[in-house]
Amino acid sequence: MSDLDPFSLNDDVVPPSRLASGPLPVAPDAPWLKGLNPEQLEAVTSLDGPILVLSGAGTGKTKVLTARLAQLLASRRAQPWQCLAVTFTNRAAREMRDRVAALVGPPAQDLWLGTFHSLCLRILRRHAALVGLGSDFTVLDADDQLRVLKQVMEAERIDPKATPPQALMGVIQRWKDRALTPDKVAGESGADLAGGRARELYRLYQDRLRGLNASDFGDLLLHTLTVFLSDASVLDHWQGQFRYLLVDEYQDTNVAQYLWLRLLAQKHRNICCVGDDDQSIYSWRGAEVGNILRFDKDFPGARVVRLESNYRSTPHILGAASALIAHNGGRLGKTLRPGLSFDPETVEKIRTHAVWDGEAEARLVVEEIEALQRKGERLASMAILVRAGFQTREFEERLITTGLPYRVVGGPRFYERLEIRDAMAYLRLVASPADGLAFERIVNTPKRGLGEAAVQSIHIHARELDISLWDAARVLSNRTELKPKPRQALAKFVEDVGRWRSLLDTMPHAELAATILDESGYVEMWKADKQPDSPGRVENLKELVAALEEYSSLAEFLEHVALVMENDEKAEADRVVIMTLHGAKGLEFDSVFLPGWEEEVFPHARALAETGTQGLEEERRLAYVGITRARKRVLVTFAANRRIYNQWKSQLPSRFVEELPEAHVERSADRGLYGGGGLQESRAAWNDPGWSGSRRGGAAAVRAQVPAWTAPRPEAGSGGFKAGDRVFHDKFGNGTVLASDGGKLEIAFDKAGTKKVLDSFVVAV
DNA sequence: GTGGCCGCAGTTTTT
DNA sequence: CTGCGGCCAC
């Protein structure tokens, strides 16, 4: 290989003198530079110094990221292992590595490329002692975290009703997101929990984790930061190693991640952050849009590149999305420009459509899907994007009755399922006897007569002798403290686990796992269970055993699973996709259906109630994300009535519907809704059997003559109803007002009983 | 120790 | 209305 071959990086280390003499030029016709627009090219080739790439939806972000890494490696500015590339999900990391490998080959394998958490884990393993952990510490998932916290709370006699463990856990996690160790927590929000003992409990929780030689996800970052800040030589080492940093989805970073990046970038100052403030939708889990907004303050003189050419969507989709997001304040400001050309004859405006209720909405959407399918569109090119998980139900039902295949993305992940977590606990206990959490989880699962009393005394012995629960169990099984029955059960359990452990080195690990699940009676337990989902669980356990075959050892498997808890979705058949708007970020579809655009559903009532304008703007960004997923067409729907927790509620259209600009939108409504307004129309609608009947015949959905929004919209609070007034409601008929609270009325309906409804949906009789 | 009943809450999610 | 968690009674 020639000395100039950029792909020989693996074989020869470039001597420092070489690096000092300047990077090698990269041929301008390198394959990854082909077809880039000027802004993309700038983002790819401006390798030195800080740079912020503001990359709007559909502007080729992934292409730029991978090309930049390829460019970096080819320029020989740094060895692969001197380049750090950070993503948020394992999926994104894998995709990036695959794409870089396709461009430059084997060197891609040596990049420090991964999620914040996986990279931190890798670093922290080397310095674990500095934070009081063994290098073999385990990473707890959410379930274990909560269990540990509950134990701490119980020991401290905190009333779990007054202070729900979940709430405290959330507060602790937000503290960790902000890099607050227990000693740094002061008057932070949430500190008043548990009678003001939240901080103390946080400290105890941390102590307990250390005692278990474990860390939670937040600790991976927090501990790494602590290491960096407490040992200058360690920090110096990593700062020196990482000459080039690349960060994806920068708008989603939290304070801890931000500090981590800033520390690591300090020496070489070659940091490239890619993100889009308009797609920041994770502030509720600690992400700080502020990180992206202040980039140029942290790195003075930073280059800023805007990617605004959109290669995904039609001009109407871009126009609608842009106008919507323009309602937000404090943006860095980007304008998406169509980068593709479209035939003005066939390009569709985005559509909004009002329906009577959720059922009609599902019917409409599924009819549209069928119509598209008849036109030759693939089901997999269509997505129904909902605000919250419960909204999927009505669409699933309709799709099932219609016989269209679909896939709901984002159910419980494989490794989070109960049966998988139990099975994992067995494996963990066999692999590492000291794993107390695993022990507790399965010591009496399946039931073997070891209840709380038995477990309690194991705990006590463990604490007194300062040994693990497992060792305590072994001791107790030979003594007389326990009653005969539990003692026998425990002896059997101890013997079983001991036997499995003895097989660790001889039996293939997948086979061993199968043996454990069989001999423990765990599989049998589910087989005997007559819940409808039990057979599925047995299937999952088989899958787990199969998954084990992919790894060279049990230990390797367990290590891997802690961080990479993913859905391994099966082969993609041609199915309609249903998922949440959050889940859809980063994906794209030809046709996107956006149902439930109603006040209180979307924007979600809680988002507004909890964080006001901020919450509203995040909801609006979510709407923006939803619209910009579409390549060709968007249908926004909203219902006048919706059953929520089995209570019928009158719904107002989402304010986002109105924020869509006329120029790019075509509005329609089922007959009588919003179209004509007024009492007569409403009554006619109520009596019209067409409501619940099929609207088949395609456009039999009678389009309102007037754009819906030119009709006077009933204004909340304008009714001026008072107790005793007689009113009429579309759905519930006549009734008497019992009470009035702002725009909300409590009404005793003659036939439908007492309901709370918005006054805009009743009229005086 | 286990099974049943009552009471309450009920977005978004990755690691 | 449903599901989960906690408490109480066998």
Side-chain angles (χ1 to χ4, degrees), chain A residues 86-93 114-121 139-146 150 154 159-161 164-167 170 173 176-177 215-222 248-249 252-254 256-257 280-287 385-393 409-413 415-416 418 443-456 482-483 485-486 489 531 560-567 579-586 596 600-611 615 618-619 621-623 625-626 643-648:
Chain A
V86 198
T87 63
F88 271 87
T89 65
N90 290 299
R91 198 187 101 212
T115 62
F116 278 101
H117 295 88
S118 69
L119 294 166
C120 279
L121 179 64
V139 182
L140 302 188
D141 58 31
D143 207 85
D144 284 337
Q145 285 173 41
L146 197 62
K150 276 182 187 164
E154 202 170 321
D159 177 12
K161 263 182 277 184
Q166 315 259 22
Q173 262 161 5
K176 290 187 176 183
D177 287 340
S215 92
D216 65 17
F217 282 108
D219 284 341
L220 292 176
L221 267 145
L222 201 58
D248 190 14
E249 307 277 18
D252 288 339
T253 51
N254 60 36
Q257 290 159 340
S280 162
I281 55 174
Y282 285 113
S283 72
W284 50 271
R285 66 177 200 210
L385 306 182
V386 297
R387 173 64 180 84
F390 70 86
Q391 292 174 270
T392 65
R393 209 200 77 242
V409 178
R413 266 159 284 285
Y415 288 107
E416 282 169 15
L418 177 74
V443 65
N444 197 29
T445 310
K447 302 260 187 300
R448 43 176 75 93
L450 292 165
E452 201 181 331
V455 174
Q456 205 59 38
L482 289 177
K483 296 209 174 91
K485 263 193 189 164
Q531 294 288 312
H560 190 70
V561 164
L563 280 187
V564 191
M565 306 231 292
E566 282 186 283
N567 267 347
M579 65 175 128
T580 64
L581 287 159
H582 284 94
K585 194 168 81 152
E600 314 230 302
V601 174
F602 188 41
H604 198 281
R606 221 156 144 159
L608 268 61
E610 277 166 23
T611 43
E618 184 146 315
E619 295 286 296
R621 290 192 290 270
L622 205 47
V625 166
R643 195 169 54 186
I644 296 167
Y645 305 132
N646 235 27
Q647 281 243 308
W648 280 99

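Below, chain A is the first sequence line, B the second, and so on; all start at residue 1.
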Ignoring hydrogens and angles, tell me if any N or O in the side chain of A/Asp216 forms a donor-acceptor pair with the backbone of A/Leu140 under 3.5 Å. no
Using atom P of each nucleotide, how far apart are B/dT12 and C/dG3 to the nearest Å?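 That atom pair is separated by 16 Å.
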Hey, mind stepping through A/Arg387 and A/Glu619 against salt bridge (charged side-chain N to carboxylate O under 4.0 Å, His left out) and telling me if it holds? CA-CA 9 Å; A/Arg387 173 64 180 84; A/Glu619 295 286 296; 2.7 Å; yes
Nearest-Å distance, [atom1] ([X]) to [atom2] ([N])?
{"X": "A/Phe116", "N": "B/dT15", "atom1": "CZ", "atom2": "P", "answer": "13 Å"}
{"X": "A/Asp252", "N": "B/dT15", "atom1": "CG", "atom2": "P", "answer": "12 Å"}
{"X": "A/Arg448", "N": "B/dT2", "atom1": "CZ", "atom2": "C1'", "answer": "16 Å"}

Return the CG to CG distance between A/Asn254 and A/Leu221, rounded to the nearest 0.5 Å.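 Reported to 0.5 Å precision, the distance equals 6.5 Å.
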Given DNA chain B, 5'-ward residue of the pair A/Gln145 and A/Leu450, judged by closest heavy atom: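 This one resolves to A/Leu450.
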Would you classify A/Ala605 as touching base, sugar-phosphate or nothing, given that sugar-phosphate means primed atoms plus P, OP1 and OP2, and contacts are heavy atoms under 4.0 Å?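 Counting heavy atoms under 4.0 Å across all strands, no contact is made by A/Ala605.
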Heavy atoms under 4.0 Å, any strand shown: does A/Asn444 hit a base, just sugar-phosphate, or nothing?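 Sugar-phosphate, backbone atoms only, no base.
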For nucleotides 9-14 of chain B, just jot down a letter per nucleotide in 5' to 3' order: B, S or -, based on protein non-hydrogen atoms under 4.0 Å. -BBBBB
Looking at residues at least two apart in the chain, or sitting in another chain, which of them share a ring pair (Phe, Tyr, Trp, His ring centres under 6.0 Å) with A/Phe602?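 A/Trp597, A/Phe656.
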Should the pair A/Trp284 and A/His582 be assigned to parallel (<30°), tilted (30 to 60°) or perpendicular (>60°) ring geometry?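 Ring orientation, 0 to 90° scale: perpendicular.
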